[in-house]
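Working notes for the structure below.
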Amino acid sequence: MSDAIFLGVDGGGTGCRARFEDGAGTVLGQGIAGPATTRLGIEKLSAAIETAWRAAAAEAGLSDGDLARVRAGFAIAGYNRKGFPEALRALPHPFASVAYDTDAMGACLGAHDGADGAIVIVGTGSVGIGRVAGRDLRVGGYGFPISDEGSGADLGLQAVRVALCAHDGRHEPSALLRAVMARFGDDPIAAVEWMDKASATEYATFAPLVMRHADAGDPAARRIVQGAAEQIDGLVRALVAQGAPRVALLGGLASALEAWLSPDVRRRLTPPLKDAVSGAIRLARAD
């Protein structure tokens with residue numbers, strides 16, 4: 001085994017992935033665990049991270065002595081949340097060093113293999129992140145419902161809003177809008193009660209329904225999806241205006257929405273080169 005050992009950890013809201021590589025980039029071992037986001041609190045977050053990297057270390061056959069010369073990079077969802085950078089850096093670990101950043105920056109570094117560039121993530125939420133000449137870029141992504149335009153949650157919000165308008169005669173009905181209201185038993189009061197407790201994730205459950213109806217030609221669905229695409233267009237253009245030489249589109253809705261983007265924006269997009277764990281390893285190498 002080479003003297004250089006690197007660990008990358010990608011901690012997100014749906015799961016945590018860890019990977020050890022040697023100095024040449026050869027994968028030594030990989031591990032997974034449950035969600036690793038600051039929203040869960042420092043104890044659950046740190047437990048998930050440790051579960052993932054210990055599983056990877058076991059697969060790699062690393063000893064305690066090997067761990068002592070590991071340089072690690074942790075890309076964590078919500079890393080910038082107040083108080084968490086300090087709390088994470090205070091956690092004990094067996095490694096030679098640990099570098100931290102957000103999961104979005106990890107994804108960006110991986111997408112461009114460490115070169116200058118940006119990403120737009122379109123999933124439950126949306127955000128544009130980039131790094132150009134050592135300068136970090138960010139557009140949008142301030143949280144649903146005040147931001148995250150064009151996201152799955154935003155698609156759901158628009159669908160429920162227009163469905164309610166159609167229900168009381170303020171908008172032309174369509175198959176999508178009837179399907180949305182059917183989820184509430186065609187009762188607007190039930191929709192209001194749901195709204196009082198609904199999270200961004202719950203709004204995003206409507207996104208596949210909206211996309212299916214848009215692809216089938218439903219006029220209301222098409223307007224909603226086109227509006228979302230225009231928001232994603234804006235994120236990409238803003239990153240390019242700030243100097244990003246290339247932009248990758250990532251996230252659960254990326255492939256579905258890409259066909260709806262403006263031609264000039266699609267020409268700006270490049271496929272991601274590597275994953276977010278590779279980006280976390282980039283953090284480790286740069287530390």
Side-chain angles (χ1 to χ4, degrees), residues 1-117 119 129 131 134-136 250 272-287:
M1 182 179 296
S2 168
D3 284 341
I5 306 175
F6 300 95
L7 165 64
V9 175
D10 172 38
T14 58
C16 183
R17 299 179 297 152
R19 186 164 72 234
F20 285 94
E21 294 182 0
D22 65 17
T26 302
V27 175
L28 305 176
Q30 302 183 84
I32 59 173
T37 167
T38 57
R39 286 181 300 160
L40 300 174
I42 194 66
E43 290 185 5
K44 290 183 178 179
L45 167 61
S46 60
I49 292 171
E50 184 168 348
T51 296
W53 72 251
R54 284 198 180 278
E59 184 176 283
L62 298 178
S63 67
D64 289 345
D66 293 324
L67 293 177
R69 54 193 176 89
V70 167
R71 291 164 58 188
F74 291 175
I76 306 299
Y79 168 70
N80 287 332
R81 193 183 296 263
K82 186 176 181 180
F84 276 92
E86 297 81 7
L88 283 165
R89 290 194 182 99
L91 290 173
H93 62 77
F95 310 121
S97 64
V98 180
Y100 291 95
D101 213 316
T102 65
D103 61 333
M105 183 53 71
C108 183
L109 294 173
H112 303 294
D113 201 15
D116 284 357
I119 59 171
I129 294 288
R131 181 166 287 172
R135 176 172 53 95
D136 287 352
L250 307 177
L273 299 176
K274 294 184 179 179
D275 64 6
V277 180
S278 295
I281 289 175
R282 281 277 177 184
L283 292 174
R285 288 179 179 269
D287 189 42

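Between Cys16 and Ile49, the shortest heavy-atom distance links the atoms SG-CA, 4.1 Å. The heavy-atom pair separating Gly23 from Phe6 by the smallest distance is CA-CE1, 3.9 Å. When all heavy atoms are compared, the tightest approach of Ala48 to Pro35 is CB-O, 3.3 Å. When every heavy atom of Gly31 is checked against every heavy atom of Ala56, the shortest pair comes out as N-CB, 3.5 Å. What you find for Ile76 and Ala36 is that their closest heavy atoms are CG2-O, 4.0 Å. Residue Cys108 comes nearest to Gly117 through the heavy atom pair SG-O, 3.5 Å, listed as atom of the first residue, atom of the second, then distance.
Note that CG of Leu7 and CZ of Arg71 are 12.0 Å apart. Values are rounded to the nearest 0.5 Å. Here Phe74 contributes atom CZ and Asp101 contributes atom CG; the two are 13.5 Å apart, rounded to the nearest 0.5 Å. Rounded to the nearest 0.5 Å, atoms CG (Leu250) and CG (Asp275) are 10.5 Å apart. In this structure, CD1 in Ile42 is found 11.5 Å from CZ in Arg81, a value given to the nearest 0.5 Å. Note: Arg282 CZ to Asp113 CG = 4.5 Å, rounded to the nearest 0.5 Å.
Partner Phe20 forms a side chain to side chain contact (heavy atoms under 4.5 Å, CB included) with one of Leu67, Val27, Asp66 and no other, that one being Leu67.
The 12-atom threshold is exceeded at CG of Leu273, counting heavy atoms of other residues, nucleotides or ligands nearer than 6.0 Å.
A donor-acceptor contact shorter than 3.5 Å is absent between the side chain of Thr37 and the backbone of Gly13. Side chain of Glu59 to backbone of Gln30: a donor-acceptor contact under 3.5 angstrom is found. Panel note: side chain Arg69, backbone Asp3; a donor-acceptor pair is recorded below 3.5 Å.
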For residues 82-99, which side-chain donor-acceptor pairs fall under 3.5 Å, sequence neighbours excluded?
unit_1: Arg89; atom_1: NH2; unit_2: Tyr79; atom_2: OH; d: 2.8
unit_1: His93; atom_1: ND1; unit_2: Phe95; atom_2: N; d: 3.0
unit_1: His93; atom_1: ND1; unit_2: Phe95; atom_2: O; d: 3.4
unit_1: Ser97; atom_1: OG; unit_2: Asp287; atom_2: OD2; d: 3.4

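For Asp10, the side-chain contact (heavy atoms from CB on, under 4.5 Å) partners at least two apart in sequence or on another chain are Arg17, Asp103, Ala276, Val277. Every residue was checked against the salt bridge (Lys or Arg N to Asp or Glu O under 4.0 Å) condition with Arg39, not counting sequence neighbours, and none meets it.
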